[in-house]
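Fair warning: this is a prediction, and the values are worked out from it, not measured in the lab. Counting convention: from 1, in listed order, for ligands and their atoms alike.
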Amino acid sequence: MTRRPARPEAARETASLLSEPARVAVLLPLPLGELYEYAVPEGMAPPAPGTICSVPLGKRFLPGVVWDRPEGLAEIAASRLKPLAAIYPVPPMAAPLRKLIDWVAAYTLSPPGAVLRMGLSVPDALEEPASLSRVRLSRLGGEGAMTAARKKVLAVLEEEADAMAPADLARAAGVSPSVVAGLVKTGWLEPLTLSADTGDAPDYHWREAEFSGDQQAAADHLGDQVRAGGFAVTLLDGVTGSGKTEVYFAAIAAALAAGKQALVLLPEIALSTQWLHRFRKRFGAEPLVWHSHLTPAARRKSWRRIALGQAPVVVGARSALFLPLQNLGLIVVDEEHEASFKQEDGVLYNARDMAVVRARLEQTPILLASATPSLETVANVEAGRFHCTALPERHGVAALPEIAAIDLRRSPPPRGAFLSIPLRDAITETLAKGEQAMLFLNRRGYAPLTLCRTCGFRFECPHCSAWLVEHRGRGRLLCHHCGHSQPVPHACPSCGTEDALVPCGPGVERVAEEAAALFPDARLAIMASDLLSSADAMKKLITEVQDRQIDLLVGTQMMAKGHHFPHLTLVGIVDADLGLAGGDLRAGERTFQVLHQVAGRAGRAEHPGRVLMQTLQPEHPVIAALLAGDRDRFLAAEMADRRAHGMPPFGRLAALILSAPSPELAEQSARRLARLAPTDPDVTILGPAPAPLSMLRGMYRWRFLIKTPREKLPQPLLRAWLARADLPKTVKLAVDIDPYSFL
Ligand SMILES: [Zn+2]
Ligand SMILES: [Zn+2]
C-alpha cells in the first residue's frame, strides 16, 4: 500500500491549532449503524470526504471511506482514538455516490455500512496491481526456432485470447519464465503497458444506425436531453423489435461525444452475447461488462478501471449501480419492468428505482426502456414526473405475430400429456415448412411435485415448506428455494413400495420428453438456466438455433430475452395460466410481461410469426389483452384495479419478515411485535401471519404487510416501531420496502 505524500507543514499547522490529532469519521463496509472515528496520523494532511483508506478495527485492518461528519457525532476521547493506517491509491468516492449510499440506507432501513459494502465490493481492487507488465500474441509473428515449450506458451494465449502476466503465463503453460522471456525477445509475444491494456474505447461515430422516422425522432430527442444534461427521467416505450436498443445507443453516443460516461443496467439474463455483439457493431469496441459471473481477476481489473475513469461505457446487472463512475452523462435501465432488478437478500433494494435516485444526485438524464413498462413507471409518466418517448412500430419488415388461444377445456391434451392436438398440428406444419418452433414453460425441471401412488407421500424440502422438484436430467430432487438436493429413490421412503413414485405436472424437461416422442425427427434442445451451466454453453446453443441446427426449442423465461431467431415462426405457450395462480400483487402484470416478451420471439424476420397459448381461462383479463394485442387496455384495467385498492403505484407497501429458529419463537416474536404496532388511521397493518413460505433454510417465518397512502412514506413509522421491538438475538427481522416477493 502506498501512502499519500505527506504534507508536514499542513499537519504542523493542524497540530498547533488543536494540540490534538485531527480526526475523521469513517464508514466501514460492515452491517453497522454508526460511523467510526479515527485520528489522522501526524504528518498526513486530513483526508477529504470520499478518501478510501485502511483503518484498524480490533485486530484486523479494513478498507473504509472517509464520510461527511454528521452534526452531533459524539467525539470519543483522543486517548482511545486509533490512527488510520494508510490511504489507497484510488480516486476518492465522489459525493453523489456517497449520497446514494446514505439515501439507499435510509430508504431501505439498512445500515449504511451494508450499502457501502456493495460500493466497495472488490477490496482487492483498491491496491495497485503487483505487476503492470503483461504480454500478448504478436500480430506479426516472430523469428527463431519453435520449440515444444514455446508452442505450449502460444497455445495458452490462443486459448485465453487475452494478455497475461508473464509469470502466470509460464505457470499455465508449465514452462520456465525464461521461455516466455525468449518469446518476447524473438517477437512472438509483445509486451503491453497498463494503458494499452484498457482496451479499445467505444467510438461514438463508428457505425451510425439507419433509423426510421419514429426512431430518428426518438434518438434526436434523447440525444438533445443528454447534451442538455441535468436530471430528467424518460420512458423509452417500444414494442419488441422496434429498435429500442439502437435508439438508446444513440443516446450513449451523445454522452460519449460530450466526453461523459454511460452506465447501462440490464437484467443478468438479458446481458447476452447478442447484446454485446450489437454494441460492438455500433461502437467498434466492447463496453466494460459487470455481472456476478466475472472471475475475481476480471472483477478486480474492471473495478479499478472504472475507479480510474478508464471505462467510458459500463454495462452490468443490478450491482453495477454502485460502481464508482465519476463522470456520468447518462444512465439507461433496459427491461425496466424486470423483477430481477429487485435484490431479494441482504439490502433489499430495487436497482431501477435507485438508479433514478443516482441520476438525480448526479444531475444526469436517465432512460427506462421496456416493451411492457411497469405500472409504477406508467403512473409516473401519467402524473408528469417522467417523460415518455414511444417507438410504436417493429423495425424493418417484421410484423407483430398473430396470437391465438387454445382453450384447454375444449381441446384438452391426451391423458398424461401436456401438448394439445391443435398445438401439435401447428408444430407439425411449422416443421414441415422447414421453420423453427419454440415451446415455452416457465418452470425448470421435470415435474414440480413427486408423490407416492400407494401411500400419498410427497417429497418436501427438509429445510423449507416447499415441494422438491424432480430434475430428471440429473436424477435428483431439488429445492428451488434453498438448493437442497437429494437423489430420486427407487422406493417410497414412507411405505417402501418400489416403483410407486409418480411425477405430477410438467416442467420443461417433461415437455421436451413429450415433444421428442411426438416429433422424433426434429432436432430438439432445452434452454433452462440449470441445464446450461456456462455462458459458453448458452452461446453455443443460441448459435445452433440461429444456424438452423435446431428445429424445436423448449425453454423457460431464459429464452424470452433479447435473442433474435430469424427462422422461428411458432411459439407455443404450454401453460399461459401458470403465473396467474399465485395471486400476488403483480401476478397479472408479470404474466402479461413475460408472455408478451415470449410472443415477441416469433416472426422477427421476413416470416410472419404465430403464437398459440394453451389456457383454461381465455376470458381472463390478462389473457384477453394478450389475445387482442392490446397492451394499453391491460394497463388501464390493471391501473384502475390498483387505484381502487390503494395498491402500488397508488399506495405504498412495506413488508416485515421475521425469521426464527423455532416455530414457537417465531410466533411469540411476531405477536410481541404486533402489540407494539403503531396506530395511525392512514396506515393499514396486515398480519402477523405465517409466511406462505413458512419455513426457509430451516428458519420459521412470519410476515406483516404495511400499507400507506402514496404521500406517506412508511419509513419513519417503521423506524420508530422497530426501535421498540427488542427481539431476541436469534430472531432476524428483514424490512422489505416496495416488496416484489410475498412468499
Ligand atoms: Zn408410499
Ligand atoms: Zn429448501
Problem set entry | Electrostatic pair R590:D584 at N-O distance under 4.0 angstrom | yes
Exercise. From C479, does some N, O or S atom reach closer than 2.8 Å to the Zn ion (ligand 2)?
Worked result: yes
Exercise. So does C482 have any N/O/S atom less than 2.8 Å away from the Zn ion (ligand 2)?
Worked result: yes
For this session: May I have the angle between C455 SG and C452 SG with its vertex at the Zn ion (ligand 1), rounded to 10°?
Result: 110°
Exercise. Which angle, to 10 degrees, forms at the Zn ion (ligand 1) with SG of C492 on one side and SG of C495 on the other?
Worked result: 110°
Exercise. So does C464 have any N/O/S atom less than 2.8 Å away from the Zn ion (ligand 2)?
Worked result: yes
Exercise. Will you find, in the side chains of Y700 and E664, an N or O donor that is under 3.5 Å from an N or O acceptor?
Worked result: no
Exercise. Side chains of D577 and T615: do they bring a donor and an acceptor to under 3.5 Å?
Worked result: yes
Exercise. Within C461, is some N, O or S atom less than 2.8 Å away from the Zn ion (ligand 2)?
Worked result: yes
Problem set entry | Donor on one side chain, acceptor on other, H337 and S370, under 3.5 Å | yes
For this session: Please test E335 against Q597 for side chain to side chain donor-acceptor pair (under 3.5 Å), starting from the C-alpha separation and ending with a verdict.
Result: CA-CA 10 Å; E335 311 282 358; Q597 193 147 31; 3.2 Å; yes
